[in-house]
Structures are given as structure tokens and as C-alpha cells.
Amino acid sequence: MIKLLMLRTGEEVISTVKEIVDPETEKPLGYHLHKPFRLDITDQSQGQGYQLEWFPWAPLSKDKDFFLPAGHVITAYEPLDSITEQYVQAIKEEQYEKNFKAHEDVIAGVTDEDLDMEQIFKDAEAILDDEET
């Protein structure tokens with residue numbers, strides 16, 4: 001299930017999430033996150049509304065799966081449909097591997113190009129729009 005998690009750190013993370021509960025007490029122990037991204041809301045001036053910036057949640061890790069203890073999460077909620085669609089496009093294996101290879105190259109200094117996650121998600125949204133028509 002795709003959820004947005006608001007963390008105690010103030011981060012908002014979108015991910016495929018599975019809640020892990022104690023089988024005896026049924027209390028939440030934590031969350032299994034698959035391919036998480038951090039979302040930052042930026043305020044656009046001149047009446048443009050809000051804009052989202054997408055970043056890998058753990059950009060220095062090769063891992064795609066993470067365990068987050070329940071105490072680190074303030075709340076979990078359903079994202080807007082448009083955000084869910086962008087996320088689904090971004091985590092498709094071929095696109096995901098391409099994005100993270102580019103990200104790894106930037107961190108390693110292999111390329112002079114900056115990884116533009118915002119552009120990547122705009123491209124994914126354009127693909128969705130093309131599929132709808």
C-alpha cells in the first residue's frame with residue numbers, strides 16, 4: 001500500500017508501506033518501506049500554488065527496503081491520486097534503476113550533471129498524461 005508518512009524529523013516520505021505489528025498485542029512495531037522518497041513542499045510565489053520536490057529518502061544507501069520503528073512516525077496517510085501516480089511511475093524497476101544510477105554517479109562525481117528529481121517526475125507525469133489520451 002502506498003502511503004505518506006510524516007516522521008518525527010519533519011520529513012514526509014512516500015513509499016510502498018507495510019505495517020509490522022506484534023502478533024500477540026497487535027500493537028504496531030514499525031513499518032517496512034520499499035523504495036521510499038522524501039517529499040518537500042516548496043511555496044511558489046506569484047500565485048503559482050505549491051510545488052513538490054522529490055529526493056531519495058536514503059540517498060547514500062544501495063538498499064531499496066528499510067525498517068522504520070513505529071515511534072519515528074507521527075502519522076501515515078493516503079497521498080493524493082496524482083502523487084500516487086507519480087510515485088508508481090518512479091518506482092517501475094527500469095526507471096528506478098536508471099534514476100538511482102544517475103544519482104549514484106552524481107554522488108560519486110562521475111558526471112557534472114545534477115540529478116533533477118523534479119524533472120524526472122515531470123517526465124513521469126507526462127508519460128501518464130500520454131497514456132490517458
Can we say Glu12 and Arg38 salt-bridge, meaning some charged N sits less than 4.0 Å from an Asp/Glu carboxylate O?
no

Under the side-chain contact (heavy atoms from CB on, under 4.5 Å) rule, what do Ile74 and Leu7 come out as? Steps first, then yes or no, please.
CA-CA 5 Å; Ile74 294 173; Leu7 307 184; over 6 Å; no

Under 4.5 Å between side-chain heavy atoms, counting indirect links through other Ile/Leu/Val/Met/Phe/Trp/Tyr residues: same cluster for [X] and [Y] or not?
| X | Y | answer |
| --- | --- | --- |
| Trp54 | Val13 | no |
| Phe37 | Leu5 | no |
| Ile83 | Val88 | yes |
| Tyr87 | Met1 | no |
| Val17 | Phe67 | no |

Check this for me: Asp22, atom CG, are more than 12 non-hydrogen atoms of other residues, nucleotides or ligands nearer than 6.0 Å?
yes

Out of curiosity, [X] [atom1] to [Y] [atom2], how far, rounded to the nearest 0.5 Å?
| X | Y | atom1 | atom2 | answer |
| --- | --- | --- | --- | --- |
| Leu52 | Gln86 | CG | CD | 7.0 Å |
| Asp81 | Ile2 | CG | CD1 | 10.5 Å |
| Lys64 | Lys35 | NZ | NZ | 5.0 Å |

Heavy-atom check, side chain of Tyr31 versus side chain of Lys3, under 4.5 Å
no

Heavy-atom pair of closest approach, residues Pro28 and Ala70
O-CB, 3.7 Å

Using the ring of each side chain (for Trp, its six-membered ring), is Trp57 parallel, tilted or perpendicular to Phe66, with breaks at 30° and 60°?
perpendicular

So among Thr84, Leu80, Leu39, which one has a side-chain contact (heavy atoms from CB on, under 4.5 Å) with Leu4?
Leu39

Checking Leu29 against Val21 for the side-chain contact (heavy atoms from CB on, under 4.5 Å) test, could you report, in this order, the C-alpha distance in whole Å, the side-chain angles of both residues, the deciding distance, and whether it holds?
CA-CA 5 Å; Leu29 297 174; Val21 296; 5.8 Å; no

With side-chain contact (heavy atoms from CB on, under 4.5 Å) as the test, would you mind laying out the steps for His34 and Asp65 before giving the verdict?
CA-CA 5 Å; His34 182 67; Asp65 294 280; 2.7 Å; yes

